[in-house]
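For reference, the structure discussed in these notes is given below.
Bear in mind that the values here come from a model prediction, so they are computed numbers and not experimental data.
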Amino acid sequence: MIKKGLLIITLGVFIALQLYSQTTEIVYLSGTDAANTVDWDFYCTDGRNSGEWTEIPVPSNWELKGFGTYNYGHDWRNEDIKLGKEHGLYKHEFDIPSSWKGKTINIVFDGSMTDTEVKINGKLAGEIHQGAFYRFKYDISKLLNYGKTNLLEVDVAKHSSNESVNRAERQADFWIFGGIFRPVFLEVLPETHMTRTAIDPKADGSFKAFVTLNESKADYTLGVELFDLDGNNVSGNVQAEITKGETENWISGKFENVKEWNVEWPQLYDMKISLKKGNDVLHQVTERIGFRTVELREHDGIYVNGEKVIFKGVCRHSFRPETGRALSDSDHFEDITLMKEMNMNAVRCSHYDPDKRFLDLCDSLGMLVLDEVTGWQDSYDTIIGPKLIKEEILKDENHASVVLWDHGNEGGWDFANEKTYQELDIQKRPVIYPWLLRNGVDTHHYPEFLYAVNRFTHGNAPFMPTEFMHGLYDGGHGAGLNDFWNEYETSPLLAGAFLWVFADEAVLRTDKEGTVYDSDGNHAPDGILGPHHEKEGSFYTIKDIWSPVQILPVTVNKKWNGKLFLSNRYIYTNLNKCTFSWKAIKTGFGDTANKVLGQGQAKSPNVEPGETAAVQIDCSNALQNADLFEFTATDHNGNELYTWSWPVIQPEEKAAEILQTLKSGNSEISVNENGDAVTASVSGLEISLSKKDGTLLSVENSNGNVSFTGGPMPVGADSEITGTKWEKDGSGNFIFTVSRKDYPRKITWTLEKSGLLKLEASHLIGWMKDIDYIGISFNYPEEKCTGIKWMGRGPYRVWKNRLKGATLGVWEKEYNNTITGESFNNLVYPEFKGYHGNLYWATLETTESPITIISETPKLYMQLFTPDKPQHVAGGTYPAFPDADISFLYEIPGIGTKFQKAEIMGPNGQKGVYGERRGDENDAIKLWFDFRSN
């Protein structure tokens, strides 16, 4: 069974091949990407669906198409797990026109996992290629049947016969796949042609290019022309000669009035290089380039175009749950767009050479790229290594975005192989070693906070941890980042950092019933995004911290003078290229919507990178009745950099306003004692309190029972009760008071004649250390909760060391039980459960009656149930929670990373310390509850 695939060449294209044969023509035998595939015949030698010929889309990874064996990279250590070492055999027929005879025809594989044997019409195309992530090609001109049908046969071995390849690629900490996962195509070249056109374009418009030929039978001329992306000729023609017998030469020159490429203004050009014999054009190659200059200055930093760059980056694998490492153009575009939305300017292509299309997009959209040769924690040998480094360089050398080479990862290198970079890369880009201080850059991975201070900010080399803040579950990416970044920015040696990792890598298991996404416990990378790029809370934290516009701390209130100080953290862009807008907002409550009381534009200041200046906003009138002030920075492309929000009023002011609308009714309160309870009733509402400790025993309104009980109980402190009492005050309100030896020394319930219930728990007194949380708690059945609407920080939950990115506003979300990084089948964001910051008010939607809680206490946290504990907790990734459902807290814990607890990851991750001096007027917890049915 052989699938025949004709070359899709229309008559017009065929004529073009004849008329413009001096160009390189690309004809795909496979599909162009994972979204546009071509079926080839396929035979799997072992595992699922093995032992018979069938079909498979190319490009793809065969495990995801139902063949072979799934393996994670650690499986080789476990004798109880079958290590799939199957081969995939491919066949594909294609036609070659007679007119191609005399040309050079290369067959090109952009990526095949891993040992790949290629035959054309039954004959080997060349030696078996070893190494999974690299472009390789064979000249098959002499093997083809011109004007006839040709047979391509490919044998792909999932594991290599070279043990260094297996150690570098197959025994790695990521999913191990097999298959032809990137496109396969033919290069159709003139008889005499250029085989390499390496270009080194500098920021000043000068360039040099190294050109090699397949043969040299005469004297030739090399010509270089430059065009903008609209096809307009930018400058004159630069020429050089190649004498007969020479197969390589340099050509250099300078183009005037070109714009430099940089990560913020990624200006690109098309450079056309022509090979001529007399007036006849033999071959033309067009390379898309950017003019930029990369330098590593010892004991200083990394410079691009004379400006020191700070890499705000992330490590990225090529991955999708349903297609493995076979990606589409839209996948690449989505990845880069999301990175830039987080205000990142850099990406580390860990742990292997990326698709060419990804680098094309990094060039055009503006990203700094660390291009990496594979070697997870073991290296290629000195035979295979140089070959693969050469293939990486030849594919990627002309990309403006590629500014550094990564030689392996965390031990995945042989220093002897580095010379290949020095010999082949004409741009002489710096070569770094992720996790080493070597070649002038310190890239040490996963430092603790104090170690980072000592090694990096007190060091003597430019530093950028190339893996940093190891994510697991909901921590590690944004949590602690502000502490580290603030410290790093004190040093002139800061070169940047790369968060680990971009997205979750839970693979769809086609070998299991149902829809099963597998992350191999906590081994597979756990990212800032979910497996289908769902945004987790750290997404917005990073966006905030890495915004190129930063605002100096300010308090906004009704007497604010309207002045904001903007700090420019761009590398090349003046803030006068950005736009700034503001809004003064009156927040709604209940069913009332927010109302914009005033809005406008702020004049963009003339602020160069590294400078800080004030902007004046005329908003004083709008603020007089506002609750919130918002300020938005937008870049020169119209993309939001960040929107900040500040409270104009304190919680007690908002509470007074809300209570004024809720305090309707003036019924008499009846009080009854029964056994261990005292019950107070008013106008359809009945509450029962324990005589012993003042906790709610029951709440009932005209709709029935409300299951909000069990509190207030102190959490974070063990406090003995010294007395309780209850009475009516002079206005007829019911008062119940609880006295305790320690925190809280006094708790007071007040049931007003309106039916509103007030609680006041006195503030902390004395000294406390090592606090995870401190406050009061209640119980409510989680299964009866359907959603929440609240005013506070949101919409995502917060941790003590991840408050940035959660902005003040009115938010709403439905109940969900998302376990970040684990419950892949039903990921709903934002997560419902967890800690929420700066509570003003909240309405809990339930199957009983809505429960509204209003706070008068500033900066109060609310615990909204306890997130389920993931199965494979490590490091500090499951912080402490009160043994309660709903809590109101002064203090909450931070969250750590996969490797480190929060306490060693910066000041805001440390446990709380509280101290009071006699006479301090600290804030009590003051809450109002509306349990009424209406």
Inset, instruction - List the steps and the verdict of side-chain contact (heavy atoms from CB on, under 4.5 Å) for E814 and T786. - result: CA-CA 6 Å; E814 294 182 354; T786 60; over 6 Å; no
Inset, instruction - Would you confirm whether K800, through its side chain, and Q910, through its main-chain N or O, come within 3.5 Å as a donor-acceptor pair? - result: yes
Inset, instruction - Using modelled atom types only, decide if a donor and an acceptor are shared between the side chain of K654 and the backbone of T587 within a distance under 3.5 Å. - result: yes
Inset, instruction - Mind listing the closest non-hydrogen atom pair of T695 and P712 along with its distance? - result: CG2-O, 3.9 Å
Inset, instruction - Check whether more than 12 heavy atoms from other residues, nucleotides or ligands sit under 6.0 Å from atom NZ of K725, and answer yes or no. - result: no
Inset, instruction - Could you check if a side-chain atom of F589 sits within less than 4.5 angstrom of a side-chain atom of M791, using non-hydrogen atoms only? - result: no
Legend entry - By side chain to side chain contact (heavy atoms under 4.5 Å, CB included) - contacts of A842 (at least two apart): I788, W790, L839, M862
Legend entry - Close side-chain approach of F736 to T748, heavy-atom, < 4.5 Å: no
Legend entry - Salt-bridge criterion met for E720 and R740 (N-O under 4.0 Å): no
Legend entry - The single option from D729, V682, L689 passing side chain to side chain contact (heavy atoms under 4.5 Å, CB included) against F734: L689
Inset, instruction - Establish, from distance only, whether the side-chain atoms of N922 and Y914 form a donor-acceptor pair under 3.5 Å. - result: yes
Inset, instruction - Supply the atom-to-atom distance M342 CE to Y642 OH, rounded to the nearest 0.5 angstrom. - result: 13.5 Å
Legend entry - Minimum-distance pair of heavy atoms, taken over all atoms of I528 and S538: CG2-C, 4.1 Å
Legend entry - side-chain hydrogen bond (donor to acceptor under 3.5 Å, both in side chains) involving H872 - partner list, sequence neighbours excluded: none
Inset, instruction - Over all heavy atoms of both residues, which pair between A717 and I774 is shortest? Give the atoms and the distance, please. - result: CB-CD1, 3.7 Å
Legend entry - N/O donor-acceptor pair under 3.5 Å between Y878 side chain and P867 backbone: yes
Legend entry - Any I776 side-chain heavy atom under 4.5 Å of Y743 side chain: yes
Inset, instruction - Would you confirm whether N838, through its side chain, and K859, through its main-chain N or O, come within 3.5 Å as a donor-acceptor pair? - result: no
Inset, instruction - Classify the ring geometry between H470 and W500 as parallel (under 30°), tilted (30 to 60°) or perpendicular (over 60°). - result: tilted
Legend entry - Under 3.5 Å: donor-acceptor pair, side chain of T857, backbone of K926: yes
Inset, instruction - Please name all residues satisfying side chain to side chain contact (heavy atoms under 4.5 Å, CB included) with N703, sequence neighbours left out, ordered by chain then number. - result: N701, S849, S933
Inset, instruction - Write down the atom of I669, the atom of A680, and the distance for their closest heavy-atom approach. - result: CG2-CB, 4.2 Å
Inset, instruction - Heavy atoms only: give me the nearest F449-D483 pair and the separation to one decimal. - result: CE1-O, 3.5 Å
Inset, instruction - Working to the nearest 0.5 Å, report the span between OG1 of T877 and NZ of K869. - result: 9.0 Å
Inset, instruction - Measure the acute angle between the ring planes of F929 and F708, then classify it against the limits of 30° and 60° as parallel, tilted or perpendicular. - result: tilted
Inset, instruction - Flag the pair W799 / T541 as yes when at least one side-chain heavy-atom distance between them is below 4.5 Å, and no otherwise. - result: no
Legend entry - Within 6.0 Å of NZ in K901, more than 12 heavy atoms from elsewhere: no
Legend entry - Any D920 side-chain heavy atom under 4.5 Å of R918 side chain: no
Inset, instruction - Mark yes or no for whether S823, through its side chain, and T818, through its backbone, hold a donor-acceptor pair below 3.5 Å. - result: no
Inset, instruction - Look at the aromatic rings of F629 and F631 and report parallel, tilted or perpendicular, splitting at 30° and 60°. - result: parallel
Legend entry - N674, CG atom: more than 12 neighbouring heavy atoms under 6.0 Å: no
Inset, instruction - Take atom CD of Q660 as the centre, draw a 6.0 Å sphere, and report whether it contains more than 12 heavy atoms from other residues, nucleotides or ligands. - result: no
Inset, instruction - Tell me, please, which residues at least two apart from E848 pass side chain to side chain contact (heavy atoms under 4.5 Å, CB included). - result: N705, V706, S707, Y780, K784, T846
Inset, instruction - Assess whether atom NZ of K586 is packed by more than 12 heavy atoms of other residues, nucleotides or ligands within 6.0 Å. - result: yes
Inset, instruction - Look at atom CD of E845 and say whether more than 12 heavy atoms of other residues, nucleotides or ligands are closer to it than 6.0 Å. - result: yes
Legend entry - Non-hydrogen side-chain atoms of L927 and L860 separated by less than 4.5 Å: yes
Legend entry - Exam field: side chain R802 to backbone R797, donor-acceptor pair closer than 3.5 Å: yes
Legend entry - Exercise: do N817 and D868 side chains pair donor with acceptor under 3.5 Å: yes
Legend entry - Any donor-acceptor N/O pair, E856 side chain to E760 backbone, under 3.5 Å: no
Inset, instruction - Check for a donor-acceptor pair, side chain of Y890 on one end and backbone N or O of D923 on the other, with a separation under 3.5 Å. - result: yes
Legend entry - Backbone N/O of Y473 and side chain of D526: donor-acceptor pair under 3.5 Å: yes
Legend entry - Spatial distance of atom CD1 (I735) from atom OG1 (T750) [nearest 0.5 Å]: 3.5 Å
Legend entry - Under 3.5 Å side-chain donor-acceptor pair for N733 and S731: no
Legend entry - Set of side chain to side chain contact (heavy atoms under 4.5 Å, CB included) partners for S777, sequence neighbours left out: M713, V715, A884, S887
Inset, instruction - Would you mind listing every salt bridge (charged side-chain N to carboxylate O under 4.0 Å, His left out) that reaches into residues 533-545, with sequence neighbours excluded? - result: E341-K535, K543-E640
Inset, instruction - Give a yes or no on this: more than 12 heavy atoms of other residues, nucleotides or ligands lie within 6.0 Å of atom NZ of K898. - result: yes
Inset, instruction - Starting at CG of L529, measure out to NE2 of H477 and round the result to the nearest 0.5 Å. - result: 9.0 Å
Inset, instruction - Nearest 0.5 Å please: distance from the CD atom of E448 over to the CE atom of M905. - result: 7.5 Å
Inset, instruction - For the residue pair L808 and W646, establish whether any side-chain heavy-atom pair is separated by less than 4.5 Å. - result: no
Inset, instruction - Report, as yes or no, whether the 6.0 Å neighbourhood of atom NZ on K728 holds more than 12 heavy atoms from other residues, nucleotides or ligands. - result: yes
Inset, instruction - Taking the six-membered ring for Trp and the full ring for Phe, Tyr or His, determine whether the centres of F881 and Y835 are under 6.0 Å apart. - result: yes
Inset, instruction - Taking the six-membered ring for Trp and the full ring for Phe, Tyr or His, determine whether the centres of W485 and W546 are under 6.0 Å apart. - result: yes
Inset, instruction - Considering non-hydrogen atoms only, spot the tightest contact between W811 and G792 and give its length. - result: NE1-O, 3.1 Å
Legend entry - Pairwise side-chain contact, K769 with K911, heavy-atom cut-off 4.5 Å (strictly under): no
